[in-house]
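Lettering of chains follows the sequences in order, A, B, ..., and the numbering in each one begins at 1.
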Amino acid sequence: MPLRWQILWTNAPGAPLHKADGFAIETQNLRKVYGKKVAVRNLSLSVRCGEIFGFLGPNGAGKSTSIKMLLGLVKPTDGQALVLGAPSGSVEIRRKIGFLPEDFRFYTWLTASELLKLHGKLCGLSALSLAERVPALLELLGLTPHREKRLREFSKGMLQRIGLAQALIHEPELIFLDEPTSGLDPMGRRLVRDVIRAQRERGATVFLNSHLLSEVEITCDQVAFIKQGEIVGTHDLRTESGGEIRVVVSAQKLPAETVAGLTRWCTSIRKEDDLLTFSTNSKEVLPEVHRYLAASGADIFSFTPERLSLEELFLKIMGEDRGL
Amino acid sequence: MRGVWIMADVTFREATRRKIVWAALLAGGAFLTLFAAAMHFQAKDLARYNVPPFIRYQVQSSILQVGFYAADVLAVLLAILTSVDTISGEIASGTIHAIATKPVSRWQILIGKWIGFAGMVAVYVALMFAGVGMVGRVVTGIVTPRIFLGGALVYLECLLALTMTVMCGTWFSTLTNGVIVIGLHGIAFIGGWIEQIAALTNSPHLATVGIISSLLMPSEALWHRASFEMQSSFARTLQFTPFANASAPSVTMIGYAVAYLMIAFATAIHHFCERDL
Ligand SMILES: Nc1ncnc2c1ncn2[C@@H]1O[C@H](COP(=O)(O)OP(=O)(O)OP(=O)(O)O)[C@@H](O)[C@H]1O
Ligand SMILES: [Mg+2]
């Protein structure tokens with residue numbers, strides 16, 4: 001762990017924040033209706049403590065609305081939610097919760113360090129700990145040269161960085177990030193990724209809304225897909241097994257009945273000239289499939305299993321329509 | 001309570017950064033200068049025409065009321081215009097999201113904001129009243145009676161306007177809010193003056209209309225009471241100026257205004273706590 005993390009996360013290594021198998025977030029049939037528009041239909045979620053949870057879905061799917069309900073900004077029309085064991089919206093529990101809104105805005109006349117001090121004070125931090133944490137966070141997010149700059153002079157990405165800093169100022173146990181990297185340059189994204197990982201190392205739980213699937217893929221432990229206000233799938237990114245595997249085989253002289261026989265193990269079988277592609281749900285069957293194909297007397301030039309990327313999985317779950 | 005003070009502090013600073021506060025101060029300063037000059041030349045004229053001292057006193061003290069009235073109008077406008085954006089604007093921009101998810105209750109946020117604006121307006125009313133009072137004293141030698149009571153009533157009027165603005169801000173967008181509150185104050189304005197005219201012309205029907213308007217929004221009634229308090233009974237016998245206060249709103253009306261303010265405040269808190277952000 002680099003030194004700056006250690007300065008920042010005083011309670012970091014060794015002392016886990018929670019019981020290992022507790023839930024940081026549990027919701028049951030959470031629902032939000034705006035007029036006639038159902039923003040969130042039937043949200044039942046469990047997020048384990050210490051997990052980095054990705055919440056994915058197309059524009060207007062209800063991601064931000066869900067976060068707002070969990071934070072008590074928006075009253076659910078129906079259903080319950082427990083956040084760190086307390087009903088959502090409870091004021092005291094917010095001491096342990098950090099939030100980066102979708103589009104972070106604040107009084108433009110505040111300087112970066114004044115803003116962090118204000119948010120720290122709102123979280124109940126003492127002047128002493130603020131004096132330590134404000135410069136450390138500014139340093140962490142690369143804003144030290146801009147610490148005396150007013151927010152009105154900040155660019156979009158700088159605002160997002162300072163927004164992330166205010167979400168972390170009180171060392172929260174649970175952090176909600178609503179599209180934290182949407183306005184960031186590649187360095188900024190890398191930084192956010194590192195920050196999120198460091199949060200996990202100190203035992204915090206992170207709830208992440210994002211459209212940038214390649215990033216989610218490398219940071220998250222667990223993802224849920226939401227479409228039109230409803231969870232349509234979850235996916236564990238830690239386990240190697242599970243998830244669809246696609247295999248591309250380059251072979252000649254493959255008998256048609258052999259290809260037809262693949263249905264025993266495989267789905268979406270397609271053959272074009274010398275290229276055979278099919279999908280399977282378990283990598284356990286791959287040796288058997290390979291033997292089966294070889295036994296047919298075909299000449300096999302390559303046999304390449306590929307795991308479905310999160311993006312492919314997303315598009316598959318959401319359907320190929322335009323979204324919205 | 002810590003949350004309330006943090007919010008009050010940041011709101012006070014936010015309010016004083018607005019250009020509108022400086023504009024109001026500038027307008028106030030310019031007004032006081034002009035007012036002092038006008039009073040000065042008028043005093044000279046009165047002396048030149050050998051106006052009897054008691055009439056001179058009556059005329060000058062009622063003109064002094066014009067000065068206080070200008071201060072009153074500027075302060076009420078300042079209270080409305082600085083706070084008109086605070087709730088609706090912060091909801092629209094999302095600024096409120098970062099605040100309302102901190103460990104402070106929504107009522108603390110709202111009360112803190114209110115105190116911040118109230119503090120800023122208090123400074124303004126104090127400055128303007130001190131200015132007008134000084135002009136009266138230095139230029140005409142008239143010491144305004146019960147100026148503190150008058151200032152307090154005017155301040156109460158500002159708080160009433162502020163509370164209504166904050167309350168409507170929990171429902172409406174900035175623009176709608178501004179129209180509603182200024183409209184309400186317009187009703188109050190008309191009501192207050194109708195009551196005066198009714199008293200001068202001895203017209204009970206007109207008086208009823210005036211009272212109903214003042215009940216709808218009692219802000220201007222507070223000014224009339226303040227003006228009544230800030231004139232000696234001798235000055236008030238001059239009946240022909242609009243500031244003579246032929247009929248002063250009763251103490252019951254003041255009590256009504258206080259109750260009105262408190263109900264508006266409670267409604268604002270309730271609705272702000274309930275609504276989606
Ligand atoms: N205050 C509101 N009033 C009415 N409808 C709303 C409101 N807020 C959100 N909605 C609707 O609810 C749905 C979900 O919105 P939400 O902001 O949660 O989507 P999202 O998943 O965060 O989208 P994005 O990826 O674009 O941020 C949308 O159809 C939106 O139009
Ligand atoms: Mg969103």
Side-chain angles (χ1 to χ4, degrees), chain A residues 32-34 39 64-65 67-77 83 88-110 114-115 117-126 150-152 159 162-167 169-170 172 174-176 178, chain B residues 1-22 82-113 115-117 120 170-171 174 269-277:
Chain A
K32 181 68 195 179
V33 183
Y34 288 112
S64 300
T65 307
I67 285 199
K68 285 183 187 171
M69 283 196 280
L70 294 173
L71 286 162
L73 286 174
V74 159
K75 277 214 164 54
T77 312
V83 178
S88 64
S90 118
V91 174
E92 267 314 301
I93 206 71
R94 294 194 203 139
R95 261 177 222 296
K96 301 180 181 171
I97 298 178
F99 174 45
L100 168 64
E102 192 163 20
D103 188 11
F104 183 74
R105 286 287 151 78
F106 219 74
Y107 302 130
T108 52
W109 47 271
L110 284 171
E114 282 170 348
L115 176 129
K117 276 187 202 127
L118 172 67
H119 283 276
K121 277 198 278 177
L122 281 172
C123 292
L125 297 189
S126 66
R150 299 197 186 284
L151 254 47
R152 80 166 67 90
L159 273 176
I162 194 80
L164 184 59
Q166 66 78 30
I169 186 95
H170 52 306
L174 171 61
I175 304 153
F176 290 93
D178 199 345
Chain B
M1 282 315 276
R2 193 186 39 85
V4 172
W5 294 120
I6 298 171
M7 284 315 296
D9 174 55
V10 74
T11 308
F12 183 85
R13 286 192 289 150
E14 157 87 353
T16 51
R17 302 234 171 196
R18 300 259 174 100
K19 291 203 180 69
I20 174 175
V21 174
W22 300 104
T82 44
S83 62
V84 69
D85 190 36
T86 188
I87 306 286
S88 50
E90 287 178 17
I91 291 174
S93 72
T95 300
I96 200 80
H97 292 157
I99 298 176
T101 46
K102 293 289 182 302
V104 283
S105 310
R106 290 206 193 163
W107 62 264
Q108 291 181 314
I109 296 174
L110 196 92
I111 293 178
K113 280 180 169 296
I115 293 177
F117 287 116
M120 190 265 304
T170 66
W171 263 282
T174 303
I269 289 179
H270 176 77
H271 188 239
F272 185 62
C273 290
E274 288 300 307
R275 71 160 290 166
D276 291 342
L277 294 180

**Q.** Heavy-atom pair of closest approach, residues A:P172 and A:A167
**A.**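 So the minimum-distance heavy-atom pair works out to CG-O, 3.3 Å.
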Q) How far apart are the closest heavy atoms of A:P101 and B:A98, and which atoms are they? A)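 Residues A:P101 and B:A98, closest heavy atoms: CG-N, 4.3 Å.
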Q: Apply side-chain contact (heavy atoms from CB on, under 4.5 Å) to the pair B:V104 and B:M7, showing each step before the final yes or no.
A: CA-CA 10 Å; B:V104 283; B:M7 284 315 296; 5.7 Å; no
Supply the atom-to-atom distance [X] [atom1] to [Y] [atom2], rounded to the nearest 0.5 angstrom.
X	Y	atom1	atom2	result
A:L115	A:L159	CG	CG	9.0 Å
A:L70	A:I97	CG	CD1	8.5 Å
A:L73	A:F176	CG	CZ	10.5 Å

Between chain B and chain A, donor-acceptor distances below 3.5 angstrom:
from   : atom 1 : to     : atom 2 : distance (Å)
B:R2   : NH1    : A:K121 : O      : 2.6
B:E14  : OE1    : A:W109 : NE1    : 2.3
B:E90  : OE1    : A:Y107 : OH     : 3.4
B:E90  : OE2    : A:Y107 : OH     : 2.8
B:A100 : O      : A:R94  : NH1    : 3.0
B:K102 : O      : A:R94  : NH1    : 3.1
B:K102 : NZ     : A:H119 : ND1    : 3.2
B:K102 : NZ     : A:Q166 : OE1    : 2.7
B:V104 : O      : A:R94  : NH1    : 3.3
B:R106 : NH2    : A:G72  : O      : 3.0
B:R106 : NH2    : A:L73  : O      : 3.1
B:K113 : NZ     : A:Y107 : OH     : 3.4
B:D276 : OD1    : A:K75  : N      : 2.9
B:D276 : OD2    : A:K32  : NZ     : 2.7
B:L277 : N      : A:L73  : O      : 2.9

Q. By a 4.5 Å heavy-atom criterion (distance strictly below it), what part of A:F106 contacts chain B: side chain, backbone, both, or neither?
A.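 Answer is both: backbone and side chain atoms of A:F106 are under 4.5 Å from chain B.
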Q: Evaluate the criterion side-chain contact (heavy atoms from CB on, under 4.5 Å) for residue pair B:L110 and B:I87; output intermediate values, then yes/no.
A: CA-CA 8 Å; B:L110 196 92; B:I87 306 286; 3.6 Å; yes
Q: Against chain B, work out which of A:G98, A:G124, A:G89 has the most heavy-atom pairs shorter than 4.5 Å and name it.
A: A:G124
